[in-house]
Amino acid sequence: MTDSDKSDITRRRVLALGGAAAGAAMGLGVSSCSSDSGARTSGSPAHGASGTDVCVLNSSVTEGSYYLDGALFRQDITDGKKGVPLTVRLTVRDRTGSCAPLGDAAVEIWHCDAAGHYSGYPTAGPVGATPGPADGSTDTSGAGERTYLRGYRTTGDDGTVEFTTVFPGWYPPRAPHIHVKVHTGGTSTDRTYQGGKVNWTGQLFFDDRYGDEVYGTSPYTEHTGTPTRLTEDTVYAGGGARDGLMAVTGDVDKGFTGTLTVAVDPEEEGRGADTVGAGSLPPGGAPSGSPSTGTPSGPSPTATPAVTPGDTPTPPPDSAASASATATP
């Protein structure tokens, strides 16, 4: 065996077994704990690490332009929104503790509805003919306009959380995706989460085959146009599970389950890489001003934070979106 062979094996062991120091030394960012063969697309969903799961290093990505503080603790985040049922099952592991399950971590997810709208942003509309507030029509789903498809859950001793939601819609140039953050060290206050650290910011993706099935059903068919393919997405880096591609089981009639395992350093602050990938606002219209807050008849927000860098490479003139506004229960 040559010195070169030994060096290559050592590097692979570092990537597989990894530690905080190794990741920092190589400059590869936040660690993810997932299958070394990419996302599973058949068979039983994976729960945590198995014989084929290894710790692999992965960078955070942008949180996007539609983040709201104040999401609620709950398993079912649909708020009455219609769509193909989706269970999101995430397992969080501690990369500083031999990839052991990380309990009491707050996992937060958010995504758009079947028409491509995000709660809290009634003026932002995707490309194509879509029902909803962006085109002046009425949303009859009964969903909470500032809370739908957003929520927190806390991991148990096995490091796992599950959310009940619907398969996300789409808007160019983004393939269907779900945003996710892992928080530690904070507290649950007034049904939401405050303080602590954001240890990891990522996005979850789906193989194109699932979108192809889902977007042929109602209410997704009310959004006309051509969905973006995964290979054309401006954030997904193409690395399979290590870049957020979930293992998916189920079917369009009974619903899907998407699973992924991620590893974090509970002592590390990692709010997201503003320059990793380049997400985008729906070209049909960026939010004009701050997202809606308070009760429906309450006062307008007083501040308009800037669009998250890296999520909108070329924002429309005079448009802005909040990266830290508040969703009121």
Side-chain angles (χ1 to χ4, degrees), residues 30 32 34 39 41 45 58 60-68 71-72 74-79 81-92 106-121 126 143 147-153 155 160-171 173-183 198 200-211 214-215 220 227-228 230 233-237 239-250 255-262 272 276-277 279-282 308 311 323 327:
V30 176
S32 174
S34 54
T41 55
N58 186 17
S60 290
V61 298
T62 178
E63 73 175 15
S65 297
Y66 293 99
Y67 180 70
L68 296 179
L72 304 178
R74 55 199 182 150
Q75 177 170 350
D76 188 336
I77 65 172
T78 57
D79 273 342
K81 279 290 182 180
K82 305 300 182 183
V84 172
L86 173 67
T87 297
V88 176
R89 180 181 296 130
L90 300 176
T91 299
V92 182
V107 178
E108 177 184 16
I109 69 170
W110 69 100
H111 63 86
C112 68
D113 66 7
H117 301 291
Y118 283 87
S119 58
Y121 292 89
T147 60
Y148 68 77
L149 306 181
R150 299 179 186 271
Y152 280 100
R153 292 210 77 195
T155 59
T160 299
V161 294
E162 284 190 2
F163 293 92
T164 299
T165 185
V166 295
F167 197 93
W170 62 275
Y171 53 89
R174 299 304 316 277
H177 63 283
I178 296 174
H179 299 266
V180 58
K181 288 189 179 188
V182 176
H183 309 248
V198 178
W200 184 69
T201 300
Q203 295 186 24
L204 311 176
F205 297 95
F206 305 84
D207 188 275
D208 288 331
R209 75 185 78 176
Y210 304 111
V214 169
Y215 297 151
Y220 302 91
T228 302
L230 186 61
D233 186 82
T234 54
V235 173
Y236 179 62
R242 69 187 63 192
D243 286 323
L245 185 63
M246 289 194 294
V248 178
T249 59
F256 294 102
T257 296
T259 64
L260 189 71
T261 303
V262 298
V276 176
S280 178
L281 301 172
T308 303
D311 194 55

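Sequence positions, counted from 1, serve as the residue numbers for this chain.
Note: Y215 and W170 have tilted aromatic rings, judged against thresholds of 30 and 60 degrees for the angle between ring planes. Classified by interplanar angle (parallel below 30°, tilted 30° to 60°, perpendicular above 60°), the ring pair Y121/Y66 is perpendicular.
Among T87, I77, D76, I178, the single residue meeting the side-chain contact (heavy atoms from CB on, under 4.5 Å) criterion with F163 is I77. Just one of Q203, H179, K181 meets the side chain to side chain donor-acceptor pair (under 3.5 Å) condition when paired with E63; it is K181.
Distance OG1/T78 to CG/L149: 7.0 Å, rounded to 0.5 Å. Summarising the geometry, atom CD belonging to E162 is positioned 10.0 Å from atom OG1 belonging to T259; distances are rounded to the nearest 0.5 Å. How far OG1 of T147 is from CH2 of W110: 15.5 Å, rounded to the nearest 0.5 Å.
Contact annotation: the side chain of V248 never approaches that of D207 to less than 4.5 Å [non-hydrogen atoms, C-beta and beyond]. Residues V166 and K82 have side chains not in contact (no heavy-atom distance under 4.5 Å, counting atoms from C-beta outward). Counting only heavy atoms from C-beta outward, the side chains of Y118 and S65 never approach each other to under 4.5 Å. Annotation: side chain of L86 is in contact with side chain of P168 (closest heavy-atom distance under 4.5 Å). Between R174 and T234, some side-chain heavy-atom pair lies under the 4.5 Å cut-off. Residues Q75 and T164 have side chains in contact (heavy-atom distance under 4.5 Å, counting atoms from C-beta outward). Between V88 and H111 there is no side-chain heavy-atom pair separated by less than 4.5 Å.
Here the closest heavy-atom approach between residue A71 and residue Y152 is recorded as O-CD1, 3.3 Å. Of all heavy-atom pairs spanning D233 and F205, the tightest one is OD2-CE2, 3.5 Å. Shown here for E108 and L68, the closest heavy-atom pair between the two residues is OE2-O, 3.9 Å. Considering all non-hydrogen atoms of both residues, P176 and F167 come closest at CB-CE2, 4.1 Å.
Taking the centre of each ring, F256 and F206 stay at or above the 6.0 Å mark.
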Handout entry: CA sep, side-chain torsions, deciding dist, call: L204, L90, side chain to side chain contact (heavy atoms under 4.5 Å, CB included)
Key = CA-CA 10 Å; L204 311 176; L90 300 176; 4.0 Å; yes
Handout entry: V107/V180 under side chain to side chain contact (heavy atoms under 4.5 Å, CB included): CA gap, chis, key distance, verdict
Key = CA-CA 7 Å; V107 178; V180 58; 4.0 Å; yes
Handout entry: H177 vs V235, side chain to side chain contact (heavy atoms under 4.5 Å, CB included): CA-CA, chis, key distance, verdict
Key = CA-CA 10 Å; H177 63 283; V235 173; over 6 Å; no
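Checked by atom type and distance alone, the side chain of Y171 never pairs as donor or acceptor with a backbone atom of A175 at under 3.5 Å. Between the side chain of D208 and the main chain of L230, a donor-acceptor pair closer than 3.5 Å is present.
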